[in-house]
Amino acid sequence: MALKIYNTLTRKKEDFKPLHEGHVGMYVCGPTVYGHSHIGHGKSYVSFDVIVRYLRYSKYTVEYVQNITDVGHLLGDTNEGEDRLLKQSRLEHKHPMEIAEFYTRSYFEDMDALGVVRPDISPRATGHIIEQIEIIKHLMEKGFAYEVNGSVYFDVSKDKEYGKLSGRSTEDAEAGTRVGVKTEKRHPNDFALWKFAEPEHIMRWPSPWGVGFPGWHIECSAMSMKYLGETFDIHGGGMDNQFPHHECEIAQSECATGKPFVRHWIHNNLVTVNGQKMSKSLGNFTLLKDLFKKHDPLVVRFFILQSHYHSTLDFTDEALEGASKGYEKLFNTVRNVRAELKRRNDEELPAGGMTIDIAGFKSQFLEAMNDDFNTPQAMAILFEVAREVNSELAEARLLPNQMKEIDEFFMELGGTILGIFPTQTDVRFGDDGSLEPGLVELIIDLRNEIRKQKLWTLSDQIRDGLQKLGIVLEDKKDTTTWKRA
RNA sequence: GGCGCCGUACCCAAGUGGUAAGGGAGAGGUCUGCAAAACCUUUAUGCGGCGGUUCGAAUCCGUCCGGCGCCUCCA
């Protein structure tokens, strides 16, 4: 079954066909680094991470580029706006580059925790000023841009296709423009490619039009095309960037090269908090670092993937609690299979007798993923398998080779593709190479001797004591398992 | 005003023409020294309301109601 992806450009689910067979060039708009990442970043980059992981699983070679915006762009295309990075640097009394560096590290820290695989290239906007100027020069030469007082603007009226992504005409946009705003632009929809720098503007570069800094949209065109070519396969980003950002990217890129810019546009939907829009201007955003204090980052990842990337996701305590319990249940199964496998690894038993159709479930899972990355559907499959496995496990009916097959199923689909299970040596598996597992197992053995003698008070005392240390014991039919709380 | 999205059980959430996945919570049961975990049963004759197309619609069309997003920085 072929992979289908919803394409914002055509508003249809399409068969995915890369430009060059077996290879995918993918660009996703990265963060502007002037603050810690919030749950919106989490949803966005986890969603695209699964897309990259799945493409790679599907045997594509993926070149994944995600920019770091370290130029603080103006709030709007007029001169009265304020540079966000500069504002933050003033607040923190640090050089803008130090601000950018600090929050870039913070960003990667949070993404690492969420299990997001790092992009192949994380280009910085400030490192590609020359490339940006080159595109602007082309646009000037071709008559798509004009200069006013040291700033350069894209002339929207010259681009007949402007509006094809967002589906809005320039007339529509004009009707919604506030009146009374003074501008040096010829048309309200024209956007800045290069801005003249006032003396107090710290981040500044020389250009053919004087000292200034690049406009907001041009960096993505410059960096994506530099690393992926003038036409590439997938461009992703948040729905809020569909207009004007991506519309402008298309305009300036296609007018500069005369070639189609992007084949598939993928937009992930936004996050709400308790039913309300989360935005910087409303100031109600939840930082990932704060959320991680209450929930395991992998639970957050699980929660995100439990809804489709194209749907809005409402962060409420109740929903997150539910996700946490669900994750615990699923992961318990994975952990128990692993533990049981380890315990009985040496047994030589005849194969066969497997009543769980692992191959069938696997193809159902892949079918869900092929249908525009339907992760909620895919995760439902994992739960169905877990239920059957738990059943068999409780009756001790599984043989080591069968458990191995189940373990591989979970690690491949839940681990490699969805990234919701940690790697095998993770502390969550109680197997991180420390002394602890051996000690706990020794205590369990001793306690089971005590239980044979029916010394319940003492055995409960041991269990409670371990509980306080964060070790949870579970007495099963003929064995006792443990996990970290 | 323009463009667009959504409305599925107490909560979260799949399902785009064939008779309602999955998770959480609740109820009952099994197992168990207890606890925990797990398993089984159960919880929407109905998918915002009303019309229409169809043998058949949560799914398509119309309309109304309700919620939201973009049009200004944001993933």
**Prompt:** Atom OH of A:Tyr34 to atom C1' of B:A75: distance rounded to whole Å?
**Reply:** 11 Å
**Request:** Please list, chain by chain and in numerical order, all residues satisfying salt bridge (charged side-chain N to carboxylate O under 4.0 Å, His left out) with A:Asp445, sequence neighbours excluded.
**Result:** none
**Prompt:** Within this structure, what is the CZ-to-C1' distance between A:Phe331 and B:A38, rounded to whole angstrom?
**Reply:** 17 Å
**Prompt:** Rounded to the Å, how far apart are A:Lys483 NZ and B:A36 C1'?
**Reply:** 8 Å
**Message:** If only side-chain N and O atoms count, and only distance matters, is there a donor-acceptor pair under 3.5 Å linking A:Tyr6 with A:Glu14?
**Reply:** no
**Message:** Tell me if the side-chain of A:Asp475 makes a donor-acceptor pair with the base of B:C34, cut-off 3.5 Å, by modelled atom types.
**Reply:** yes
**Item:** side-chain hydrogen bond (donor to acceptor under 3.5 Å, both in side chains) against A:Glu441, all qualifying residues, sequence neighbours excluded
**Value:** A:Trp482
**Asked** Rounded to whole angstrom units, what separation is found between the CD atom of A:Gln364 and the P atom of B:A14?
**Response** 18 Å
**Request:** Could you state the atom-to-atom distance from CZ of A:Phe243 to P of B:C74 in whole Å?
**Result:** 12 Å
Could you pull out the protein-nucleic contacts involving nucleotides 21-23 of chain B (nitrogen or oxygen on both sides, under 3.5 Å)?
from, atom 1, to, atom 2, distance (Å)
B:A21, O2', A:Glu384, OE2, 3.4

**Request:** Identify whether any heavy atom of A:Ser166 sits under 4.0 Å from a base atom; if not, whether one sits that close to sugar-phosphate; answer base, sugar-phosphate or nothing.
**Result:** sugar-phosphate
**Asked** When the distance from CZ of A:Phe315 to P of B:C12 is rounded to whole Å, what number comes out?
**Response** 14 Å
**Request:** On RNA chain B, check which nucleotide each of A:Asn241 and A:Glu328 is closest to and give me the residue with the more 5' one.
**Result:** A:Glu328
**Fill in**
Ranking A:Ala394 and A:His310 by the position along RNA chain B of their nearest nucleotide, the one closer to 5' is A:His310
Show me the side-chain donor-acceptor pairs of residues 316-324 of chain A shorter than 3.5 Å, one per line, residues at least two apart or across chains.
from, atom 1, to, atom 2, distance (Å)
A:Thr316, OG1, A:Ala319, N, 3.1
A:Asp317, OD1, A:Lys294, NZ, 3.4

Would you tabulate the side-chain donor-acceptor contacts of residues 452-474 of chain A under 3.5 Å, counting partners in other chains and residues two or more places apart, or write 'none'?
from, atom 1, to, atom 2, distance (Å)
A:Ser459, OG, A:Trp456, O, 3.2
A:Glu474, OE2, A:Lys483, NZ, 3.3

**Asked** Which residues, if any, of residues 446-467 of chain A bring a heavy atom under 4.0 Å of RNA chain B?
**Response** A:Arg447, A:Arg451, A:Trp456, A:Ser459, A:Asp460, A:Arg463
**Request:** Could you work out the separation of B:A25 and B:C65 based on their C1' atoms and round it to a whole Å?
**Result:** 30 Å
**Complete:** Rounded to whole Å, the CG-C1' distance (A:Leu473 to B:C34) equals 13 Å
**Message:** Starting the side chain at C-beta, find the nucleotide from B:A13, B:C71, B:C12 nearest to A:Ser307.
**Reply:** B:A13
**Request:** Establish, from distance only, whether the side-chain atoms of A:Gln377 and A:Asp371 form a donor-acceptor pair under 3.5 Å.
**Result:** no
**Message:** Under 4.0 Å, heavy atoms only, any strand: does A:Leu270 hit a base, just the sugar-phosphate, or nothing?
**Reply:** base
**N or O in side chain of A:Ser311 less than 4.0 angstrom from B:A14 OP1/OP2** = yes
**Message:** Quick check for you: among B:A14, B:C12, B:A75, whose closest atom lies nearest to any side-chain atom of A:His308?
**Reply:** B:A14
**Message:** Could you tell me if A:Asn269 and A:Thr312 have a donor-acceptor pair between their side chains, going purely by distance under 3.5 Å?
**Reply:** no
**Message:** Once rounded to the nearest 0.5 Å, what's the spacing between atom CG of A:Leu9 and atom CD1 of A:Ile266?
**Reply:** 12.0 Å
**Asked** Given atom NZ of A:Lys476 and atom C1' of B:A35, what is their separation to the nearest angstrom?
**Response** 13 Å
**Message:** Under 4.0 Å, counting only non-hydrogen atoms across every strand here, what does A:Val271 touch: a base, just sugar-phosphate, or nothing?
**Reply:** base
**Request:** Assign A:Tyr45 to base, sugar-phosphate, or nothing according to its heavy-atom contacts below 4.0 angstrom with the strands shown.
**Result:** sugar-phosphate
**Complete:** Heavy-atom nearest pair, A:Arg11 first then A:Ser166, reads NH2-C, 4.0 Å
**Closest listed nucleotide, where the reference is the side chain of A:Asn374 and the choices are B:A14, B:C74, B:A38** = B:A14
**Asked** Is the distance from OP1 or OP2 of B:A36 to the nearest side-chain N or O of A:Trp482 less than 4.0 Å?
**Response** no
**Spacing of A:Leu382 atom CG and A:Phe365 atom CZ [to the nearest 0.5 Å]** = 5.5 Å
